[in-house]
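Encoded as structure tokens, the structure appears first; notes follow it.
Predicted model only: the values in this text are computed from it and were never measured. Reckoned from all heavy atoms, side chains included, excluding hydrogens, waters and symmetry mates. In what follows, every chain begins at residue 1, and chains take the letters A, B, ... in the order their sequences are listed.
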Protein chains: 2
Amino acid sequence: MGLRERKKRQTRRAIAEAALRLFAERGYEETTIADIAGAADVSPRTFFSYFPSKEDVVFAEIDERLTEVREGIDRRPADETPLESMRRIVLEMIEAIAAEHGEYGAIQVRLVLERPSLQARALKRMNDTEQYVVERLTELCPGIDEIDAVVIAGALVGGMKAVITHCRAHGYAPEATRRAVDRALAIVEHGLGSVPALTHRATE
Amino acid sequence: MGLRERKKRQTRRAIAEAALRLFAERGYEETTIADIAGAADVSPRTFFSYFPSKEDVVFAEIDERLTEVREGIDRRPADETPLESMRRIVLEMIEAIAAEHGEYGAIQVRLVLERPSLQARALKRMNDTEQYVVERLTELCPGIDEIDAVVIAGALVGGMKAVITHCRAHGYAPEATRRAVDRALAIVEHGLGSVPALTHRATE
DNA sequence: GTGCGAAGTTGCATGCGTTGCAATTTTGCG
DNA sequence: CGCAAAATTGCAACGCATGCAACTTCGCAC
């Protein structure tokens with residue numbers, strides 16, 4: 001890897017860290033591009049040659065993580081059933097998110113939760129991942145009905161989103177996390193019909 | 001309802017229609033706030049006293065529809081099981097969306113699909129609705145486990161999103177729409193384990 | 001090491017969305 | 001009519017984002 005490459009990576013990191021630090025100190029909208037550029041020792045114009053927008057800098061690390069998840073999906077061993085694969089991948093994803101809990105990850109999570117526009121972007125990223133799941137699913141199960149694939153991916157990602165929300169609210173306690181994942185997968189796998197509260201009629 | 005009220009409603013509608021017409025004619029980013037205000041015969045500044053942002057004008061009608069859906073949820077008859085209620089509400093929602101297919105609804109859908117930022121906003125709205133489902137669900141089923149409620153809402157909304165996507169891609173043909181809804185609800189209700197393609201091991 | 005082309009950085013000018021403020025006009029009602 | 005509240009408007013300012021052209025730095029061949 002040449003000097004050029006290394007320096008770019010270094011600058012990118014400097015910008016991202018400066019941005020997150022400033023966001024944490026003064027808040028997101030209280031920090032301007034000029035502030036970030038100044039703290040990272042580059043010109044304001046250069047910021048945009050590394051990140052297409054102010055919002056994107058928040059998702060810099062998260063994107064790398066998502067790429068890893070996709071690679072994990074692609075490396076799926078052939079002797080797993082699709083359901084087993086999905087179980088494993090969901091677990092990996094949750095663990096990755098929980099591990100990210102410290103350091104700058106916490107700042108990112110807080111920012112995303114506080115700013116509706118960032119939350120919207122995060123949901124879009126999740127939706128894009130769902131599209132990817134649909135593609136892999138149709139590849140994995142030749143002849144599967146299209147609507148089936150889309151619904152399955154939707155239910156899976158929806159369940160995963162639920163687990164992430166739940167775990168975040170409970171501080172990522174390890175045993176609670178595992179329990180949530182198990183419970184979520186059980187519901188998705190066995191269906192809403194398996195939840196007694198949902199099939200019980202109020203009258204009578 | 002006083003004259004003041006009526007005029008406000010009228011102006012709001014004028015702005016929304018002018019905006020959607022211009023978006024359709026020249027494109028979203030090719031239309032400025034000044035253009036919209038000019039076409040609706042108000043000052044640019046006034047635009048912002050009716051819509052908080054340019055993006056919001058795209059969702060004006062959709063928001064009204066979502067409000068109706070929430071009201072539909074609240075009016076749920078007591079002799080339905082939660083699962084039956086959800087089935088009915090999902091069907092109503094899809095029908096409302098399909099009915100919206102004509103007129104300006106089509107423009108909105110096209111805009112949302114084309115612009116990533118609008119797509120993100122649409123997903124956030126869906127997520128907010130999901131939160132609402134969680135609240136009603138915990139109300140409806142006292143003592144239900146929190147994680148269960150969150151997962152159920154996630155799976156339901158995820159499935160619904162899938163149906164919407166699927167139907168849109170197939171031009172909202174009535175019989176295909178009904179089939180998609182049935183299939184989606186069946187999968188969500190009986191679980192992913194009921195889909196043969198997912199439990200079949202490749203090696204054997 | 002010298003020079004050259006490519007890649008990266010920077011400043012400048014510009015357009016647009018958005019907000020706060022104060023002035024002005026319109027509306028409903030006594 | 002006349003008054004107070006509400007709505008509209010213009011103005012100025014700020015920040016994000018983009019295109020462009022000048023400039024600097026880098027890697028590489030000779």
Report each atom pair, protein N/O against N/O of nucleotides 8-15 of chain C, whose distance is under 3.5 angstrom.
from: dT9(C); atom 1: OP1; to: Tyr50(A); atom 2: OH; distance (Å): 2.9
from: dT9(C); atom 1: OP2; to: Tyr50(A); atom 2: OH; distance (Å): 3.4
from: dT10(C); atom 1: OP2; to: Ser43(A); atom 2: N; distance (Å): 3.0
from: dT10(C); atom 1: OP2; to: Thr46(A); atom 2: OG1; distance (Å): 2.4
from: dG11(C); atom 1: O6; to: Arg45(A); atom 2: NE; distance (Å): 3.4

Practice prompt. Go through residues 17-25 of chain A and report each residue with a non-hydrogen atom lying under 4.0 Å from DNA chain C, sorted by number.
Written response: none
Worksheet, complete the sentence: When rounded to the nearest 0.5 Å, the distance separating CE of Met86(A) from CD of Glu80(A) is 10.5 Å
Discussion item. Working note: Ser117(B) + Glu55(B), criterion side-chain hydrogen bond (donor to acceptor under 3.5 Å, both in side chains); need CA distance, chi angles, decisive distance, verdict.
Written reply: CA-CA 9 Å; Ser117(B) 68; Glu55(B) 291 187 348; 3.1 Å; yes
Worksheet entry | Flag if over 12 foreign heavy atoms under 6.0 Å of CZ, Arg178(A) | no
What is the separation between atom [atom1] on [X] and atom [atom2] on [N], rounded to the nearest whole Å?
X	N	atom1	atom2	answer
Arg121(B)	dG17(C)	CZ	P	14 Å
Phe51(B)	dT19(C)	CZ	P	15 Å
Arg6(B)	dG28(C)	CZ	P	8 Å
Leu118(A)	dC16(D)	CG	P	13 Å
Glu55(A)	dG15(D)	CD	C1'	13 Å
Phe47(B)	dT9(D)	CZ	C1'	16 Å
Ile33(A)	dT18(D)	CD1	C1'	13 Å
Asp56(B)	dT18(C)	CG	C1'	12 Å

Worksheet item: Are Thr46(B) and Ser49(B) close enough that a side-chain donor and a side-chain acceptor fall under 3.5 Å?
Response: no
Discussion item. Between Ser85(B) and Arg76(B), is there a side-chain donor-acceptor contact under 3.5 Å, judged purely by atom types and distance?
Written reply: yes
Worksheet entry | Derivation of the salt bridge (charged side-chain N to carboxylate O under 4.0 Å, His left out) call for Asp56(A) and Arg125(A) | CA-CA 11 Å; Asp56(A) 282 292; Arg125(A) 267 152 215 273; 3.3 Å; yes
Practice prompt. Taking all heavy atoms of Arg88(A) and all of Gly72(A), pick out the closest pair and write down the distance.
Written response: NH2-O, 4.2 Å
Response to the item:
Smallest heavy-atom separation, Leu123(B) atom then Lys124(A) atom, equals CD1-CA, 3.5 Å
Listing, residues 147-166 of chain B side-chain donor-acceptor contacts under 3.5 Å, not counting sequence neighbours, or none:
from: Asp148(B); atom 1: OD1; to: Arg183(A); atom 2: NE; distance (Å): 2.6
from: Asp148(B); atom 1: OD2; to: Arg183(A); atom 2: NE; distance (Å): 3.2
from: Asp148(B); atom 1: OD2; to: Arg183(A); atom 2: NH2; distance (Å): 2.7
from: Lys161(B); atom 1: NZ; to: Asn127(A); atom 2: OD1; distance (Å): 2.9
from: Lys161(B); atom 1: NZ; to: Glu130(A); atom 2: OE1; distance (Å): 3.2
from: Lys161(B); atom 1: NZ; to: Glu130(A); atom 2: OE2; distance (Å): 3.4
from: Thr165(B); atom 1: OG1; to: Lys161(B); atom 2: O; distance (Å): 2.8

